[in-house]
Amino acid sequence: MALSKQPYKGARDFYPSDKRLQKYMFDIWRQVCERYGYEEYDAPILEPLEIYLAKTGEEIVNEQTYVFEDRGKRKVVIRPEMTPTVSRMVAAQRQELAYPLRWYSIPNLWRYERPQRGRLREHWQLNVDLFGVEGVEAELEMISMADAMFKAFGASSDMYEIRLNSRKLVDEALASYVGLDKQEAHDVAKLIDKKAKMERGKFISAIDGALSSKSRQGGAAEKLLALLDVKNLKKLPAELAKHPSVSEIEALLNMLSNGGIKNARFDIGLMRGFDYYTDIIFEVFDKHPDNNRSMLGGGRYDGLVGLFGVPPVPTVGFGWGDVTLANFLELHRLMPELKPETDAYVALAGDIQAAAAKPVAELRQLGINLAVDFSGRKLGDQLKTASKKSIRYVLVIGESELKTGKYNLKNLQSGKEQSLSLKAVAKTLKEASQQ
RNA sequence: GUGGCUGUAGCUCAGUUGGUUAGAGCGUCGGAUUGUGGUUCCGAAGGCCGUGGGUUCGAGACCCAUCAGCCACCCCA
């Protein structure tokens with residue numbers, strides 16, 4: 001019985017061409033994070049079960065995560081998300097750290113579930129968090145960064161939309177304004193989250209089902225539906241317009257707009273993770289008709305660090321998965337043509353391996369990445385190999401080159417050939433690799 | 001976890017109501033007088049028809065199971 005060549009279900013092999021794309025995406029994430037003064041951190045892929053139980057229910061953890069017992073009988077989880085981990089790290093050094101903390105990481109995360117479009121069992125996710133800022137400028141910075149990343153990937157602002165809401169505002173609206181009790185509010189919030197996927201009629205009857213007869217008679221359903229149709233902060237009913245979150249969101253939208261980000265809007269129907277978000281939440285949606293979905297999301301979660309027995313730290317963060325990003329880049333034709341890191345492929349003409357070692361070493365010392373063909377095959381075959389590997393240049397070394405010190409450098413894209421000194425070769429290749 | 005669709009060459013697929021030795025394109029490899037690739041031309045290799053069972057004189061086609069993939073649901077960091 002032959003061994004299976006497939007990677008583990010829901011996980012991917014990264015061949016060099018795949019890894020190149022991943023590196024491209026991660027590099028842009030890193031560049032933008034660092035441009036905003038964020039520092040990279042990392043942590044073990046394994047965490048004790050308990051840190052997830054505090055936030056999620058035991059049932060969900062057991063069904064949707066990889067849990068196992070180690071040899072010391074400890075319950076261990078392969079991390080399904082980074083937020084508890086980073087909260088743990090901040091809590092552990094709460095006193096020593098210099099706030100505000102600007103941290104980011106690109107962890108691989110595992111979730112035990114059935115793979116489908118945009119969702120695998122293993123994926124990588126950019127996590128950006130800002131700890132220690134209470135004001136709305138924290139949200140502004142997060143959303144500006146996310147926007148800067150889209151721009152850095154070559155996206156234009158009509159390709160995506162930023163949506164904003166506030167958990168506090170929604171709580172207030174459902175409880176005081178519509179008049180729902182806790183259970184009703186919870187059920188209704190879940191339904192609102194699914195609204196986009198449902199037909200309107202179905203949604204209305206589902207809402208009716210979630211309400212008690214008392215609420216229904218009080219006109220809660222009508223009030224709720226009218227509220228959900230509000231597209232603009234200014235159209236909110238007077239009772240809600242006074243809520244402090246409203247002016248916060250308004251201020252945020254204004255600041256974003258002043259910063260040139262015009263594709264952000266208020267969306268009262270945005271629910272996102274009821275569990276630990278405490279105030280403003282945001283998502284970025286792909287506007288492509290084939291992929292109308294959330295690509296990244298985040299918000300304020302002021303309570304998580306406090307779960308570790310230290311005073312809480314105000315926190316805003318977001319996460320962005322590599323799979324949703326790749327889908328976005330493909331659909332919008334933003335995938336760049338990526339070349340290998342190798343600057344030139346060295347083709348040897350004749351049996352001169354030993355003699356060619358010297359110029360090759362010299363070039364490498366100058367920072368040039370070279371792959372040498374030892375095969376002894378015909379020059380044409382060596383060129384073919386370089387071409388297949390998508391390496392841009394071939395450096396030919398043979399008797400005449402060694403004698404004259406002038407090397408034949410061929411650009412495989414243009415077909416252009418030049419006879420150059422080693423230094424000139426290095427200069428040409430350096431310039432080419434920086435393009 | 002639930003449901004639907006799909007598994008034929010490395011990839012994309014064709015394969016008639018079940019009927020001889022299983023097909024194409026692309027890719028791969030070899031060649032077209034030995035220091036120049038991509039295009040072109042010639043040639044070759046490559047398949048337990050996902051796996052196991054069943055029906056049948058006969059199965060790549062039909063049935064069951066199983067595994068895998070895709071899609072939706074559930075759930076959502």
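Being a predicted model, the structure only gives us computed values, none of them experimental.
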**Message:** Need one value for A:Q382: base, sugar-phosphate or nothing, where a base atom within 4.0 Å counts as base even if backbone is also close, heavy atoms only.
**Reply:** nothing
**Request:** Give me the ring orientation class for A:F131 and A:W103: parallel if the planes are under 30° apart, tilted from 30 to 60°, perpendicular past 60°.
**Result:** perpendicular
**Request:** Kindly assign one of parallel, tilted or perpendicular to the pair A:F150 and A:W320, based on the angle between their ring planes and the thresholds 30° and 60°.
**Result:** parallel
**Asked** Applying a 3.5 Å limit to both distances, which nucleotide forms a Watson-Crick or G-U wobble pair with B:rC41?
**Response** B:rG31
**Request:** Write down the distance separating the P atoms in B:rC49 and B:rG31, rounded off to the nearest Å.
**Result:** 32 Å
**Item:** Pairwise P distance for B:rG54 and B:rU2, with rounding to whole Å
**Value:** 28 Å
**Message:** Please check: side-chain N/O of A:Y24 versus main-chain N/O of A:E337, any donor-acceptor pairing under 3.5 Å?
**Reply:** no
**Request:** Please evaluate the base of B:rG35 for a donor-acceptor partner in the side chain of A:E399 within a cut-off of under 3.5 Å?
**Result:** no
**Any A:K384 side-chain N or O less than 4.0 Å from OP1/OP2 of B:rC29** = no
**Prompt:** For A:Q413, which contact category applies under a 4.0 Å heavy-atom criterion: base, sugar-phosphate, or nothing?
**Reply:** base
**Prompt:** Can you tell which of B:rG35, B:rG69, B:rG37 lies closest to the side chain of A:S387?
**Reply:** B:rG37
**Asked** NA contact type, A:G298, heavy-atom cut-off 4.0 Å: base, sugar-phosphate, or nothing?
**Response** nothing
**Request:** Determine the Euclidean distance between corresponding C1' atoms of B:rA59 and B:rG10; express it in Å to zero decimal places.
**Result:** 27 Å
**Asked** Which nucleotide in the list B:rC74, B:rA32, B:rG37 gets nearest to the side chain of A:K378?
**Response** B:rA32
**Message:** Classify A:R114 by what it touches in the nucleic acid, base, sugar-phosphate, or nothing, heavy-atom distance under 4.0 Å.
**Reply:** base
**Asked** Taking the side chain from A:D267 and the backbone from A:R163, do they hold a donor-acceptor pair closer than 3.5 Å?
**Response** no
**Item:** Sugar-phosphate, base or nothing in reach of A:G319, heavy atoms under 4.0 Å
**Value:** nothing
**Message:** Under a 3.5 Å cut-off for both contacts, is B:rC73 paired Watson-Crick or G-U wobble with anything, and if yes, with which nucleotide?
**Reply:** B:rG1
**Fill in**
Of B:rC76, B:rA32, B:rG37, the nucleotide closest to the side chain of A:L412 is B:rG37
**Prompt:** For B:rA65, which nucleotide is its Watson-Crick or G-U wobble mate, given both distances must be under 3.5 Å?
**Reply:** B:rU51
**Prompt:** If only side-chain N and O atoms of A:K388 are considered, is one of them under 4.0 Å from the OP1 or OP2 phosphate oxygen of B:rC29?
**Reply:** yes
**Complete:** Picking from B:rU36, B:rG35, B:rA32, the nucleotide nearest the side-chain atoms of A:K410 would be B:rU36
**Message:** Applying the Watson-Crick and G-U wobble criteria at under 3.5 Å, what pairs with B:rG25? Answer none if nothing qualifies.
**Reply:** B:rC11
**Item:** Sugar-phosphate only, base, or nothing, as touched by A:N408 at under 4.0 Å among non-hydrogen atoms
**Value:** base
**Prompt:** On a plain distance test, is the side chain of A:R119 in donor-acceptor contact with the base of B:rC75 below 3.5 Å?
**Reply:** yes
**Request:** Look at the side chain of A:K190 and decide which nucleotide, out of B:rC76, B:rA32, B:rG35, has an atom nearest to it.
**Result:** B:rC76
**Message:** Please determine whether a side-chain nitrogen or oxygen atom of A:Q116 lies at a distance below 4.0 Å from atom OP1 or OP2 of B:rA72.
**Reply:** yes
**Request:** Using heavy atoms to find the nearest nucleotide of RNA chain B for A:R79 and A:G415 separately, return the residue whose nucleotide is more 5′.
**Result:** A:G415
**Prompt:** If you measure from the Lys or Arg side-chain nitrogens to the Asp or Glu carboxylate oxygens, is any gap between A:R12 and A:D322 under 4.0 Å?
**Reply:** yes
**Asked** Who is the Watson-Crick or G-U wobble partner of B:rU16, with both distances under 3.5 Å?
**Response** none
**Prompt:** If you look at every strand shown and take non-hydrogen atoms under 4.0 Å, does A:S400 touch a base, only sugar-phosphate, or nothing?
**Reply:** base
**Asked** Which comes earlier along RNA chain B counting from the 5' end, the contact point of A:L120 or that of A:T385, where each point is its nearest nucleotide?
**Response** A:T385
**Prompt:** Do the side chain of A:R79 and the main chain of A:N108 share a donor and acceptor less than 3.5 angstrom apart?
**Reply:** yes
